[in-house]
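Here's the structure, in structure tokens; my notes come after.
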Amino acid sequence: MSGKTRTFFTDVQNTDFIKNVFALQEGEEILTFTSNESVQNLLNLMVAQRGKKVFFILTLYNQRYNQLRDILKSVGFIEGQDFFNAVDFLSEIHGVPFNSWEIIKNL
């Protein structure tokens, strides 16, 4: 992730949570999921910014993450390199068990 800018993709209600927990820096952005068009916008941005940005997807619905993961993989993006499940970076203090193996297995 060195030298890459983070971008987050999440449900609208999670934007303040992301700002606080992930301490967004200047130039980092949050894209929100509002419709299937949002997924296409994410794909377009990922293609345009390949190698320049890393994307963190935060959805509390595993099924939605799995669907997004499958779409991204089908067009050549690599989980753990181009995009991450942001839930894996949360801890007990955020209400989810910390799973460090998910983070380090792809480094």
Side-chain angles (χ1 to χ4, degrees):
M1 291 190 315
S2 179
K4 295 182 181 180
T5 303
R6 299 179 302 172
T7 297
F8 294 85
F9 184 72
T10 191
D11 301 303
V12 174
Q13 67 269 21
N14 294 332
T15 56
D16 287 337
F17 177 79
I18 285 178
K19 289 176 187 175
N20 292 328
V21 171
F22 289 95
L24 264 63
Q25 304 295 310
E26 187 174 328
E28 296 179 329
E29 61 186 313
I30 300 174
L31 306 173
T32 55
F33 177 83
T34 54
S35 67
N36 288 336
E37 186 177 319
S38 303
V39 175
Q40 187 60 53
N41 292 340
L42 171 66
L43 283 170
N44 293 343
L45 183 61
M46 289 182 75
V47 168
Q49 297 296 317
R50 185 176 284 231
K52 298 174 189 169
K53 292 188 175 200
V54 63
F55 293 80
F56 289 84
I57 300 169
L58 178 65
T59 179
L60 300 180
Y61 306 104
N62 279 336
Q63 183 179 3
R64 182 178 294 159
Y65 177 80
N66 292 340
Q67 290 170 339
L68 286 169
R69 181 196 60 216
D70 293 346
I71 291 168
L72 296 174
K73 284 183 165 185
S74 75
V75 293
F77 291 104
I78 301 169
E79 185 177 23
Q81 179 179 326
D82 299 311
F83 69 95
F84 292 88
N85 185 348
V87 172
D88 293 338
F89 291 84
L90 303 179
S91 67
E92 289 86 357
I93 198 166
H94 306 117
V96 295
F98 184 63
N99 184 359
S100 59
W101 172 244
E102 290 298 322
I103 297 170
I104 61 172
K105 75 177 182 179
N106 295 312
L107 296 179

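Source: prediction; values computed, not measured.
- Atom CG in Asp88 sits 10.5 Å away from atom CG in Leu58 (nearest 0.5 Å).
- With sequence neighbours excluded, the residues forming a side-chain hydrogen bond (donor to acceptor under 3.5 Å, both in side chains) with Asn66 are Arg69, listed by chain and number.
- A donor-acceptor contact closer than 3.5 angstrom is absent between the side chains of Asn36 and Gln40.
- Between Lys53 and Asp82 there is no salt bridge, since no side-chain nitrogen of the basic residue lies less than 4.0 Å from a carboxylate oxygen of the acidic one.
- To the nearest 0.5 Å, the span separating CZ on Phe84 from CD1 on Ile78 amounts to 11.0 Å.
- Outside the 6.0 Å centre-distance limit, the rings of Phe77 and Phe83 are not counted as a close aromatic pair.
- Each of Val21 and Phe9 belongs to its own hydrophobic cluster when Ile, Leu, Val, Met, Phe, Trp and Tyr are linked at side-chain heavy-atom distances under 4.5 angstrom.
- For Lys73, the salt bridge (Lys or Arg N to Asp or Glu O under 4.0 Å) criterion is met by Glu79, not counting sequence neighbours.
- With hydrophobic clusters built from ILVMFWY side chains whose heavy atoms lie under 4.5 angstrom apart, Val87 shares a cluster with Leu24.
- Remark: Thr34 pairs with Val12, Thr32, Ser38 by the side chain to side chain contact (heavy atoms under 4.5 Å, CB included) rule, at least two apart or across chains.
- Here the CG-NZ distance, from Asn14 to Lys19, works out to 12.0 Å after rounding to the nearest 0.5 Å.
- Atom CD of Gln13 has more than 12 neighbouring heavy atoms from other residues, nucleotides or ligands inside a 6.0 Å radius.
- The distance from the CG atom of Asn85 to the OG1 atom of Thr59 is 8.5 Å, given to the nearest 0.5 Å.
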Exercise for the section: For the pair Val75 and Val47, evaluate side chain to side chain contact (heavy atoms under 4.5 Å, CB included) and give the outcome as yes or no after the intermediate values. Expected result: CA-CA 9 Å; Val75 293; Val47 168; 6.0 Å; no
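- The CD1 atom of Ile30 sits 10.0 Å away from atom OG1 of Thr7, with the distance rounded to the nearest 0.5 Å.
- Side-chain N or O atoms of Glu28 include one that pairs as donor or acceptor with a backbone N or O of Gln25 at under 3.5 Å.
- At a threshold of 4.5 Å between side-chain heavy atoms, the hydrophobic network of Ile, Leu, Val, Met, Phe, Trp and Tyr places Val39 and Tyr65 in one connected group.
- A salt bridge between Glu29 and Arg6 is absent, with no side-chain N of the basic residue lying under 4.0 Å from a carboxylate O of the acidic one.
- Applying the ring-ring contact (aromatic ring centres under 6.0 Å, His included) test to pairs two or more places apart or on separate chains, none has a residue in residues 33-52.
- Under the ring-ring contact (aromatic ring centres under 6.0 Å, His included) criterion, Phe22 pairs with Phe8, not counting sequence neighbours.
- No single ILVMFWY cluster, assembled from side-chain heavy atoms under 4.5 Å apart, contains both Ile18 and Ile57.
- How far OG1 of Thr5 is from CZ of Phe55: 9.5 Å, rounded to the nearest 0.5 Å.
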Exercise for the section: Just do the side chain to side chain contact (heavy atoms under 4.5 Å, CB included) check on Phe17 and Thr15 with the steps written out, would you? Expected result: CA-CA 5 Å; Phe17 177 79; Thr15 56; over 6 Å; no
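- Partners of Arg50 by salt bridge (Lys or Arg N to Asp or Glu O under 4.0 Å), not counting sequence neighbours: none found.
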